[in-house]
Chemist: 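First the structure, then my questions, so here it is.
In what follows, every chain begins at residue 1, and chains take the letters A, B, ... in the order their sequences are listed.
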Amino acid sequence: KNEVEQSPQNLTAQEGEFITINCSYSVGISALHWLQQHPGGGIVSLFMLSSGKKKHGRLIATINIQEKHSSLHITASHPRDSAVYICAVRYSQKLVFGQGTRLTINP
Amino acid sequence: EAQVTQNPRYLITVTGKKLTVTCSQNMNHEYMSWYRQDPGLGLRQIYYSMNVEVTDKGDVPEGYKVSRKEKRNFPLILESPSPNQTSLYFCASSPNAGEGPHEQYFGPGTRLTVT
C-alpha cells in the first residue's frame with residue numbers, strides 16, 4: 001500500500017465547476033504539500049500545510065491531521081487550471097509523493 | 001531572482017558513460033534533494049542533503065551518487081548510467097533541514113535518456 005494515496009487519478013470537468021482532489025496518507029507527518037505540474041514538466045508549490053486551511057485566490061487546501069487526510073479545492077475552475085496536482089508528505093527528512101491527479105478543464 | 005537551476009535540461013547518453021547533472025540554489029537553503037519522476041510511479045526521492053557534507057539515501061538511491069561540498073550546489077552523479085535510469089529528474093531545496101513544515105522549491109527538471 002502506498003504511503004500517500006490520491007483520488008481521483010483523472011478528473012475532467014467543465015469550466016466553472018467546483019473541483020475537489022483528495023489525499024490520504026498513512027504516516028505521521030510534519031507537513032503536507034500540494035504541487036502543480038503543467039505539461040512541459042515544471043513543478044510549482046501551491047500550498048504547504050501542517051494544520052487547518054489555506055486559501056490562495058481560487059484555490060483552497062485543507063488538512064485533517066487526526067484523519068490523515070487533505071483536500072485541494074478549486075472554485076470557478078478554468079482551462080488554465082488543467083495540470084497534474086500532486087500531494088506530498090514530509091516525515092523524518094523525506095518527502096513522499098502521491099501518484100498525482102490529472103485535471104482537465106474543458107471550456 | 002530566487003531559484004533552483006539544473007543543467008543540462010535535456011541529455012541523451014549511452015549506457016556506461018559517466019554523467020553529472022548539476023543543481024544550484026541561490027537562497028542559502030540548508031536542505032537539498034533529488035527526485036526522479038517516472039510514468040505510473042510518480043516522484044521518488046533519490047538522495048537528500050541536510051547541509052554541507054551531510055547526505056543520505058532516499059527511496060531509490062541505487063546507481064546514483066551525490067556530493068554536497070558547498071551549500072549552494074548538489075550535483076547528481078551517474079557513474080555508469082543504464083537504460084532504467086531514463087527519467088525526468090528534479091532537484092529541490094528547502095530553507096531548513098529540521099523537522100517541521102518547510103517550503104519546497106523545485107528546479108525546472110532534467111530529462112535524461114540512456115540508450
Chemist: Under 4.5 Å heavy-atom distance to chain B, tell me which part of Leu32(A) shows up: side chain, backbone, both or neither.
Modeler: neither
Chemist: Is it the case that more than 12 heavy atoms not belonging to Gln9(A) sit under 6.0 Å from its CD atom?
Modeler: no
Chemist: Heavy-atom distance under 4.5 Å between the side chains of Tyr48(B) and Lys94(A), does that happen here?
Modeler: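 Heavy-atom side-chain distance check passes, below 4.5 Å.
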Chemist: Taking the side chain as everything from C-beta on, heavy atoms only, tell me whether Ile43(A) gets closer than 4.5 Å to Leu43(B).
Modeler: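 Sidechains of Leu43(B) and Ile43(A): in contact.
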Chemist: What part of Tyr35(B) gets closer than 4.5 Å to chain A, counting heavy atoms only: side chain, backbone, both or neither?
Modeler: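 The side chain, not the backbone.
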Chemist: Tell me if the CD atom of Glu53(B) is crowded by more than 12 foreign heavy atoms within 6.0 Å.
Modeler: yes
Chemist: Roughly how far apart are Leu41(B) CG and Phe97(A) CZ, rounded to 0.5 Å?
Modeler: 13.5 Å
Chemist: Which heavy-atom pair separates Ile86(A) from Gln37(B) by the least distance, and what is that distance?
Modeler: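 Of all heavy-atom pairs spanning Ile86(A) and Gln37(B), the closest is CD1-NE2, 4.2 Å.
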Chemist: Quick one: do Met50(B) and Tyr47(B) end up in the same hydrophobic cluster if we chain Ile, Leu, Val, Met, Phe, Trp and Tyr together by side-chain heavy atoms under 4.5 Å apart?
Modeler: no
Chemist: At a 4.5 Å cut-off on heavy atoms, which part of Gln37(A) comes close to chain B: side chain, backbone, both, or neither?
Modeler: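 Contact with chain B: side chain only.
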Chemist: Could you check if a side-chain atom of Leu95(A) sits within less than 4.5 angstrom of a side-chain atom of Gln104(B), using non-hydrogen atoms only?
Modeler: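 A side-chain contact exists here, since the closest heavy-atom pair is under 4.5 Å.
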Chemist: Is it possible for you to check whether Arg90(A) lies under 6.0 Å from the centre of the six-membered ring of Tyr31(B), through NZ or CZ, and within 45° of that ring's axis?
Modeler: yes
Chemist: Tell me whether Phe47(A) shares a hydrophobic cluster with Val84(A), the cluster being built from Ile, Leu, Val, Met, Phe, Trp, Tyr side chains joined at under 4.5 Å.
Modeler: no
Chemist: Does Arg102(A), at its CZ atom, have more than 12 non-hydrogen atoms belonging to other residues, nucleotides or ligands within less than 6.0 Å?
Modeler: no
Chemist: Hydrophobic clusters here meaning ILVMFWY residues chained together by side-chain heavy-atom distances under 4.5 Å, can you tell me if Leu59(A) and Ile19(A) are in one?
Modeler: yes
Chemist: Hey, quick one: are Phe90(B) and Tyr105(B) part of the same hydrophobic cluster, counting side-chain heavy atoms closer than 4.5 Å, chains of contacts allowed?
Modeler: no
